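In what follows, a single structure is set out as structure tokens and then discussed.
The structure displayed is predicted, hence computed values, not measured ones.
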Amino acid sequence: MTASWQSIGSADLINLLGLEESLLGGQSFSWSSQGENQWIGVIRRAVVHLRWENEQLQWKSSGSIPIGKKELEHYLWLDDSYCRAIDALPWRSDLSLDQAIKKFSGLRVLRQPIDETLLVFLLSSAKSIPQIKQLRHRIHLNFGEDLGEDLFAFPGWERLSKLSETEARKLGMGYRAKYLVGVAQFLSQRHGWLEEVSGLKYKEARSCLMELPGVGPKVADCVLLFGAGKSQAFPIDTWILQALERQYGMKGWTMQQMQEFAGIHFGQHAGLAQQFLFSFQRSVGQTKSAKKE
DNA sequence: AACCAGGATAGCA
DNA sequence: TGCTATCCTGGT
């Protein structure tokens, strides 16, 4: 890899903390920190290096199919539509959202490939970020293409469909093993199904995905938001639950009521709002105290 | 040595 | 519908 660093994106759309949170904060599990203000990750079969230097974002790419600038700009949501999305959020009347947007300025939703996204969120149940990364890496290492630099590509669902549940359990997946096998076999028999689903409207796509084993409301919303560009998707995990209960006074509400509230209050880009609230809540709430009540 | 974690599901009221 | 126990594994 002899390519040199190139600049990308306009600096006013990016902010160091927000960028790092976007890469490492739990929407993708393919990035890791590589020293100060520098990261390495995999997008499809490309190895991508990013760094923040001289108040600007720089990148270079290698791997068997290096990524192009346009594609990377899309992945990182570096165009103007990001600003418009932020502006459309109700931060003017919502102090909680406002403080989260200020703290994590520049935080964005990454546009990841849907097949890889489905895999990692299938693994995510009751696992922490480092554990999900580890599981993912183990799968990529065993079945995916070697891209160099100790990084491996997503093997594809076709390849994964040849796994048995026993083999999957040996990789440490626990009860998630049967989810992986079930989804892999389903998808290998229906080529193009995922792409078809991601072309549907949000609610239809959501119920389609939830037919897959191991995919409930939360995982479906993550896949749709991070892997299919459905910006209305509003995944409710424990952190968002905390935020909604404590800052929006929604204790006792059902999930369905919360989903409905999110759609009405946050609107078209509820998923972006979710990401800010998620990061903020996680940054202040690392304590396990102050639980229910 | 229990207990919990960024969930889904079956089983029951 | 709404609630609960259970599912694996790794970490505290």
Side-chain angles (χ1 to χ4, degrees), chain A residues 20-31 100 104 107 109-110 112 116-139 141-142 163-186 206-227 233-247 250-260 262 270-292:
Chain A
E20 178 149 89
E21 180 70 11
S22 307
L23 297 174
L24 307 180
Q27 45 175 314
S28 172
F29 302 89
S30 44
W31 291 92
F104 287 97
L107 175 63
V109 173
L110 303 177
Q112 305 174 68
E116 307 184 26
T117 309
L118 176 57
L119 172 65
V120 289
F121 285 100
L122 212 52
L123 303 177
S124 72
S125 127
K127 288 286 179 196
S128 64
I129 293 176
Q131 291 174 323
I132 299 168
K133 276 189 175 175
Q134 197 179 357
L135 268 182
R136 172 189 173 281
H137 181 260
R138 210 170 291 157
I139 291 172
L141 172 66
N142 276 279
L163 268 188
S164 70
E165 182 178 335
T166 314
E167 290 175 288
R169 278 180 183 268
K170 279 184 193 155
L171 295 173
M173 304 187 54
Y175 62 86
R176 302 156 197 82
K178 64 176 176 297
Y179 298 160
L180 179 132
V181 171
V183 168
Q185 289 181 353
F186 179 94
R206 190 176 194 251
S207 34
C208 279
L209 280 180
M210 285 174 59
E211 289 171 19
L212 297 175
V215 179
K218 191 270 180 183
V219 170
D221 277 330
C222 285
V223 173
L224 289 174
L225 178 61
F226 305 131
F234 190 85
I236 300 182
D237 57 35
T238 58
W239 294 109
I240 290 299
L241 194 60
Q242 275 186 31
L244 291 177
E245 287 178 341
R246 296 183 192 173
Q247 320 213 24
M250 300 179 75
K251 281 178 189 167
W253 289 45
T254 66
M255 286 294 170
Q256 203 176 348
Q257 290 172 317
M258 291 180 176
Q259 297 281 175
E260 197 172 333
L272 182 58
Q274 184 268 359
Q275 211 50 36
F276 281 107
L277 296 177
F278 171 88
S279 295
F280 190 85
Q281 192 66 33
R282 212 162 63 98
S283 72
V284 299
Q286 297 293 1
T287 66
K288 303 157 198 186
S289 56
K291 258 279 169 137
K292 312 245 158 108

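Annotation: dA5(C) and dC3(B) have their P atoms spaced 13 Å apart (nearest Å). dG11(B) and dC8(C) have their P atoms separated by 15 Å, with the value rounded to a whole Å. Taking atom P in both dA8(B) and dG11(C), one finds a spacing of 23 Å when rounded to whole Å. Taking atom P on both nucleotides, dA2(B) is separated from dT6(C) by 16 Å, rounded to a whole Å.
Two residues are said to be in side-chain contact when any heavy atoms from C-beta on lie closer than 4.5 Å; Arg206(A) and Met210(A) meet this criterion. The closest side-chain heavy-atom distance from Val109(A) to Phe226(A) is below 4.5 Å. The shortest side-chain heavy-atom distance between Gln274(A) and Leu225(A) falls under the 4.5 Å cut-off. When side chains are defined from C-beta on, Ile240(A) does not count as touching Gln281(A), because their heavy atoms never get closer than 4.5 Å.
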Set out, line by line, the N/O atom pairs under 3.5 Å between protein and nucleotides 7-11 of chain C.
unit_1	atom_1	unit_2	atom_2	d
dC8(C)	OP1	Arg169(A)	NH1	3.4
dC8(C)	OP1	Arg169(A)	NH2	2.4
dC8(C)	O5'	Arg169(A)	NH1	3.4
dC8(C)	O4'	Tyr175(A)	N	3.1
dC8(C)	O2	Arg176(A)	NH1	2.9
dT9(C)	O2	Lys127(A)	NZ	3.0
dG10(C)	O4'	Gln131(A)	NE2	3.4

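To the nearest 0.5 angstrom, Ile132(A) atom CD1 is 9.0 Å from Arg176(A) atom CZ.
At a threshold of 4.0 angstrom between heavy atoms, the contacts of Pro217(A) are confined to the sugar-phosphate backbone, with no base atom among them. Within the nucleic acid shown, Leu122(A) has no heavy atom closer than 4.0 Å to any nucleic acid atom. Contact annotation for Ile129(A): base contact, defined as any heavy-atom pair under 4.0 Å involving a base atom.
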- Task: Would you sort out whether Gln257(A) and Met250(A) count as a side-chain contact (heavy atoms from CB on, under 4.5 Å), showing the intermediate values?
- Result: CA-CA 9 Å; Gln257(A) 290 172 317; Met250(A) 300 179 75; 5.8 Å; no
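Across every strand in view, dC7(C) sits in a pair with dG7(B) that passes the Watson-Crick or G-U test at under 3.5 angstrom.
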